[in-house]
*Asks:* 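Before I ask anything, here is the structure I am working with.
In what follows, every chain begins at residue 1, and chains take the letters A, B, ... in the order their sequences are listed. Every value quoted in this text rests on a predicted model; they were computed, and no experiment measured them.
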Amino acid sequence: MKIFTATLLNKFILMLLISLFYTQLCMSETDQLTENPDSVRTAHDIYLHTRGLKYDKKDSDETFRKIANGLLFLPRICVDGLLYSFGSGANYVEESNIIQRAENFLYFYNKTLGWYPKIKYSSDYKLAMGAALFYKHSSMKYSLGGYYANSNYWNAKINAVQIFQKNGVLYNINLTGQTGSIEEMKFYGYGHDPSLDSRNHFLSLKNEYGTYNQERSKIQLVTGAQITPKWELFYTSFYSKRKIIIPPDNNPTILGNIFDLNQLAGTVIQNNFMTEQLYNELSFRYDTRSHLKELSPGIRIEGYLGYSKGIQSDQSRFIRSGFDAALYIPVILRNRLIVPRILFDSIHNQDPDTEIPFTEYMQQPAFRGVSGRHLLRTDNHSMITSVEYQWPLTKQFRGHIFYDLLMVSHQLQNFTLNNNPYAVGLGIDIHQSHSEISRLTVSTGSEGLRVILSMGLSENSSYRSNWK
Amino acid sequence: MPVQNKIKRIYRIGISFVYLSILTLLVFTGCSSHLARFNDSPVITTANDKQPVPAPKSSDYEKILYTYDVLFRNPMVNELDVSKIPPAMDVNAMDNVVTSTWYTPRLGFRDISSDTLLYGLEKTGPPQKPLYVSKAKKGGGNPGFIIKDSRGKSYLLKFDPPEFPGLETTTALVVNRLFWGFGYNVPEDYLIYFNRDDLRIDENSELSNSDLAEVLSQVAAPENNVYRATASLWLSGLFLGPTQAEGTRKDDLNDKIPHENLRILRALKVFCAFVNHSDIRIDNSADIYTGEPGRGYVKHYLLDFGEAFDGHGAEHGYLWDGFEHYFSYRSAFNNFISAGLKIHDWEKLEYTPWKSVGTFEAEAFDPVEWKEVYPYLPIRSSQPADTYWAAKVLAALTDEHITALVRAADYPEPGAEAYMIKTLIRRRDKVLQCYMDQVSPIEFESINENTLTFIDLGKMLSDSDSDKTEYQTELLNQDGKIIKLLLFHKTDNNRIIISIDKEYMNTNRYSIIRITKIKNNRIAPSAADFHVVINDNKINLVGVVH
């Protein structure tokens with residue numbers, strides 16, 4: 001067999017060399033000018049005739065370039081094909097200047113109907129792909145879209161937005177309905193150090209987290225008003241229904257194998273693993289940056305206060321409050337910025353007889369060490385401090401290097417800087433006028449290496465931050 | 001040793017020998033090279049591209065796909081192509097571009113006075129009032145009208161943006177005339193003034209007065225009720241779509257040379273850099289079928305110069321305009337690696353005090369590093385010989401030409417005119433200096449018996465008096481082998497005078513005189529080769545290669 005293969009290989013190499021030699025002879029461009037009439041003259045004929053050449057010069061590296069190009073033929077075709085098909089699913093979303101460029105392709109039907117692709121990938125999760133269709137008419141915009149990885153990980157969303165101006169104030173009314181399923185969500189327990197917190201009733205310490213699937217439906221109405229160029233006010237109201245699914249298999253990390261579900265705070269077992277909440281919130285944003293589509297210095301502060309009430313069998317009631325403050329400090333010119341940021345969120349139980357469901361505790365999508373869907377650390381109070389350096393790569397691309405620190409505490413005075421999850425990393429974002437539309441981030445830290453790639457409007461950008 | 005093993009051994013030795021032989025042949029044939037050889041024949045001055053052909057089909061232009069291709073796809077694919085960019089294919093034996101449906105020699109090839117430069121292209125003249133509006137373009141970029149004048153001639157009317165009055169209407173006139181002077185086919189553009197009463201609605205149009213008012217509300221406000229606009233004469237003939245930057249128009253039998261290999265398009269690297277026409281892309285060009293239907297030919301035009309002179313950058317707030325592509329993998333990578341610590345020269349630019357000038361300047365301008373917004377393949381394919389040719393054309397643009405054009409543009413703000421003249425002169429001089437230094441800028445002047453005289457154009461046009469210049473002159477045979485390393489020569493001001501041995505003159509042969517310029521101890525990147533045929537004691541110049 002070896003001999004047979006070696007003989008075949010020899011023959012192949014021999015044929016390749018002969019072909020290359022033959023090609024070198026045939027692909028010579030020192031041919032004399034042909035006597036063809038003008039109508040069938042090639043570009044080369046015309047060149048020789050116009051230039052007055054008997055024959056053109058030949059460089060010593062010509063043959064080797066041709067061989068190299070022959071070898072690169074396949075990679076070149078593959079890259080070309082891949083980029084062509086990628087371009088056919090261009091990842092621009094609906095906003096100002098980018099839409100004007102995208103419109104000839106993404107829009108069909110009189111430039112009012114269009115689509116964009118969505119991709120979600122992170123190294124600690126699955127790849128999900130989808131698309132969104134949107135329609136614009138006058139001051140209204142509608143979209144319908146979603147993404148899908150498998151039957152336990154998918155999302156569908158429908159959205160209607162109206163933006164209008166009255167008495168010099170810009171208003172936005174945004175109605176969204178979404179439903180979906182997420183698998184392998186992780187709950188690590190309450191507190192700064194869950195293994196030491198008595199509120200966590202571990203059945204097994206073999207794993208630090210328990211996993212579960214979740215189905216969620218949500219209908220949300222956000223009304224915003226930009227009362228001055230720097231100030232925006234929002235009123236948000238949503239209905240959310242959340243169901244925990246414990247997969248019926250013997251995976252040792254399943255929630256029920258890690259935590260005593262009878263003692264897991266909230267209405268997990270009692271209410272058939274379901275929570276139903278009606279939430280109302282007032283919030284504001286103050287942003288002094290002159291440009292949102294370019295890196296520019298300033299201050300951004302967001303604050304919110306909301307009340308959540310369980311309905312039907314969900315008896316919980318609680319208040320959410322918090323703020324998100326960031327300083328954009330120019331360090332070189334006006335567009336290389338150091339951005340220290342602090343996000344603070346609190347949850348306050350309003351019914352001492354009913355515990356808040358663990359699923360309603362704060363998630364921290366702004367912490368880039370783990371997926372925002374995991375409850376890595378949670379408690380009554382949660383704080384993320386972050387320092388980031390941002391700089392422009394091109395008009396649309398930005399680079400950033402960051403350090404995130406996540407802290408949680410049962411009481412405000414108990415925050416500690418010791419042994420907190422942290423993440424450090426760098427990434428590239430693609431920006432449109434007011435938000436990211438795509439990001440690639442590589443981070444490492446207390447939770448390990450993580451690579452995130454997502455395209456389309458960020459699922460993690462808050463509803464307050466991208467309504468413009 | 002068993003017979004079988006012996007046979008196998010002989011086989012392996014034989015195969016190895018065959019491999020070695022073929023490899024050796026490949027290496028020898030691959031490494032061989034030779035110079036070009038010119039025919040001893042009359043120099044071609046005109047391309048044969050006006051043969052009667054049927055009207056080709058109109059070509060589509062999808063802006064987003066074009067943008068995606070030039071910004072993202074082509075740069076990636078081209079990195080995997082190591083073939084050498086071929087020399088320009090629309091060039092004659094004297095290394096000049098031939099007259100064609102793309103180009104008519106003007107500046108640099110015949111006397112063009114300031115008046116000729118300003119009025120030479122005018123055949124139809126500016127629109128005659130009243131102006132009848134047939135179509136209106138509202139919103140988006142560049143609102144305007146399509147009008148017919150009192151003679152029935154159609155024009156496209158374009159205005160200045162409201163934030164930058166005078167920016168586009170001045171630029172459009174000056175740059176339109178410049179490109180006509182450089183030899184391109186351009187529409188007749190005029191600067192006109194009119195008031196609202198001069199605008200009427202064409203009887204065949206469905207527009208209303210409120211449509212006109214809406215457009216006029218989106219443009220620069222009138223001064224003393226007088227609007228200022230650029231009127232661009234509608235090109236007559238059948239519009240076939242934009243001129244492709246790559247390849248040819250397949251159903252145009254006259255269009256054989258891939259456009260990226262046309263020197264006249266590659267030369268845009270120089271001309272567009274000079275005026276910062278950064279918005280050069282295929283939809284700022286047009287293929288027009290002219291002549292009798294079925295027996296006409298396609299003529300190629302450049303259009304829409306109003307956003308040159310940094311207008312495109314100023315209106316969009318792009319300080320990088322002329323310095324960077326809209327997107328570049330290389331720039332993104334370099335900026336990523338440097339973490340933003342490198343400050344580019346353009347990041348320090350500021351707007352001038354004049355709105356009609358925007359950010360147009362000459363100090364940070366780097367002609368060689370200049371970049372158009374969307375990579376334009378002919379520009380990206382330009383070679384030193386192409387840019388040198390363009391620099392020679394630009395060198396014929398005098399201070400008087402520039403002054404006449406800028407004055408005709410009627411800059412509305414005091415001081416703007418003087419600034420523009422000074423800036424354009426400085427930019428021209430920078431361009432000449434850069435591109436003259438990329439080759440040996442030597443031109444043939446005359447032959448007298450066994451003596452040839454050449455001119456150093458660089459020394460004449462752009463070198464300073466303090467530059468120390470020497471020349472290396474060689475005589476090569478037709479195979480490129482050096483016959484004489486140092487040919488006797490003397491220099492006289494800007495001239496190089498070379499004498500060929502009388503003994504050599506007695507032989508009939510094809511030879512190459514190679515002159516390499518050495519300026520301030522720096523050897524020029526390429527030599528100038530003058531191909532001569534020596535016959536019966538007479539020297540005949542048959543070809544030039546830069």
Side-chain angles (χ1 to χ4, degrees), chain A residues 10 13-14 17-18 20-21 24-25 30 38-39 41-44 46-47 49-69 72 75-76 79-80 83-84 87 90 100-106 332-333 335-336 389 391-397 399 401 428, chain B residues 15 18-19 22-23 25-26 29-39 41 43-44 47-48 51 62-65 67-69 72-73 76-77 80-84 89-93 98 140 248 253 256-258 261 318 320 324 326-328 331-332 335-336 339-341 343 347 542-543:
Chain A
N10 279 338
I13 294 172
L14 189 61
L17 284 172
I18 292 170
L20 287 172
F21 179 63
Q24 144 63 15
L25 289 179
T30 57
D38 288 348
S39 59
R41 272 190 173 175
T42 63
H44 189 62
I46 293 172
Y47 163 62
H49 170 73
T50 307
R51 193 71 167 104
L53 287 171
K54 192 167 182 180
Y55 49 77
D56 200 3
K57 79 168 190 171
K58 179 174 179 278
D59 292 320
S60 57
D61 62 351
E62 201 174 300
T63 303
F64 299 108
R65 283 177 183 269
K66 284 174 182 163
I67 293 170
N69 258 355
L72 287 170
R76 195 162 60 243
V79 168
D80 197 9
L83 289 173
Y84 183 80
Q100 285 174 12
R101 286 174 180 83
E103 64 190 16
N104 283 345
F105 180 78
L106 297 184
I332 301 173
L333 297 180
N335 60 359
R336 277 77 154 166
Y389 169 60
W391 74 98
L393 303 184
T394 66
K395 185 178 178 306
Q396 316 84 348
F397 285 69
I401 299 171
I428 297 172
Chain B
I15 282 288
V18 170
Y19 287 165
I22 293 176
L23 267 171
L25 278 168
L26 261 176
T29 53
C31 287
S32 68
S33 65
H34 55 77
L35 296 178
R37 180 166 175 146
F38 289 86
N39 291 316
S41 55
V43 175
I44 305 286
N48 196 18
Q51 300 301 304
E62 276 287 345
K63 191 169 173 184
I64 181 61
L65 285 178
T67 304
Y68 174 76
D69 278 350
F72 299 104
R73 183 168 145 226
M76 271 283 220
V77 173
L80 296 171
D81 186 344
V82 297
S83 46
K84 212 167 186 173
M89 298 170 87
D90 56 340
V91 167
N92 63 19
V98 295
T248 60
L253 298 174
K256 291 275 170 61
I257 298 176
N261 293 337
Y318 298 160
W320 49 264
E324 300 279 355
Y326 190 87
F327 171 79
S328 156
S331 293
N335 289 337
F336 185 73
L341 298 176
I343 300 173
E347 293 189 270
V542 294

*Asks:* Run the side chain to side chain donor-acceptor pair (under 3.5 Å) test against Asn335(A) and tell me which residues pass, sequence neighbours left out.
*Replies:*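 None.
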
*Asks:* For chain A, which candidate among Ile343(B), Ile257(B), Val43(B), Val98(B) shows the most heavy-atom pairs at distances under 4.5 Å?
*Replies:*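 Of the options given, most contacts go to Ile343(B).
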
*Asks:* Nearest 0.5 Å, what's the NZ-CG distance between Lys84(B) and Asn69(A)?
*Replies:*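 Reported to 0.5 Å precision, the distance equals 13.5 Å.
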
*Asks:* So, the side chain of Arg37(B) versus the backbone of Tyr55(A): is there a donor-acceptor pair under 3.5 Å, distance only?
*Replies:*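 Side chain of Arg37(B) to backbone of Tyr55(A), a donor-acceptor pair under 3.5 Å: no, none is there.
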
*Asks:* Supply the atom-to-atom distance Thr394(A) OG1 to Phe336(B) CZ, rounded to the nearest 0.5 angstrom.
*Replies:*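 Answer for the OG1-CZ pair, Thr394(A) versus Phe336(B), is 12.5 Å.
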
*Asks:* Trp391(A) side chain to Leu341(B) main-chain N or O, any donor-acceptor pair under 3.5 Å?
*Replies:*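 Checked: no pair found.
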
*Asks:* Counting distance only, does the side-chain N/O of Arg76(A) pair as donor-acceptor with the main-chain N or O of Leu80(B) below 3.5 Å?
*Replies:*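 Between the backbone of Leu80(B) and the side chain of Arg76(A) there is a qualifying donor-acceptor contact (under 3.5 Å).
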
*Asks:* Select, from Gly543(B), Ala339(B), Ala332(B), the one with the greatest count of heavy-atom pairs under 4.5 Å involving chain A.
*Replies:*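 The option with the most such pairs is Ala339(B).
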
*Asks:* At what distance, to the nearest 0.5 angstrom, does CG of Asn92(B) lie from OG1 of Thr50(A)?
*Replies:*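 Interatomic distance, Asn92(B) CG to Thr50(A) OG1, rounded to 0.5 Å: 8.5 Å.
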
*Asks:* So, taking the atom named OG in Ser328(B) and the one named CZ in Phe397(A), what distance separates them when rounded to the nearest 0.5 Å?
*Replies:*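 Going from OG on Ser328(B) over to CZ on Phe397(A), the span is 11.0 Å.
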
*Asks:* Say you draw a straight line from NZ of Lys395(A) to OH of Tyr326(B); how long is it, rounded to the nearest 0.5 Å?
*Replies:*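 Interatomic distance, Lys395(A) NZ to Tyr326(B) OH, rounded to 0.5 Å: 4.0 Å.
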
*Asks:* Testing the basics here: between Gly340(B) and Arg336(A), what is the closest heavy-atom pair and its distance to 0.1 Å?
*Replies:*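 Heavy-atom minimum between the residues: O-NE, 2.7 Å.
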
*Asks:* Look up atom CE in Met89(B) and atom NE2 in His44(A), then write down how far apart they are to the nearest 0.5 Å.
*Replies:*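 It comes to 7.0 Å.
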
*Asks:* Testing the basics here: between Lys54(A) and Asn39(B), what is the closest heavy-atom pair and its distance to 0.1 Å?
*Replies:*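 That closest heavy-atom pairing would be CB-OD1, 3.4 Å.
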
*Asks:* Checking heavy atoms, do the side chain of Glu324(B), its backbone, both or neither come under 4.5 Å from chain A?
*Replies:*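 Neither part; nothing is under 4.5 Å.
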
*Asks:* Looking at Arg51(A) and Val91(B), would you say the former's side chain and the latter's main chain have a donor-acceptor pair under 3.5 Å?
*Replies:*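 Answer holds: no.
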
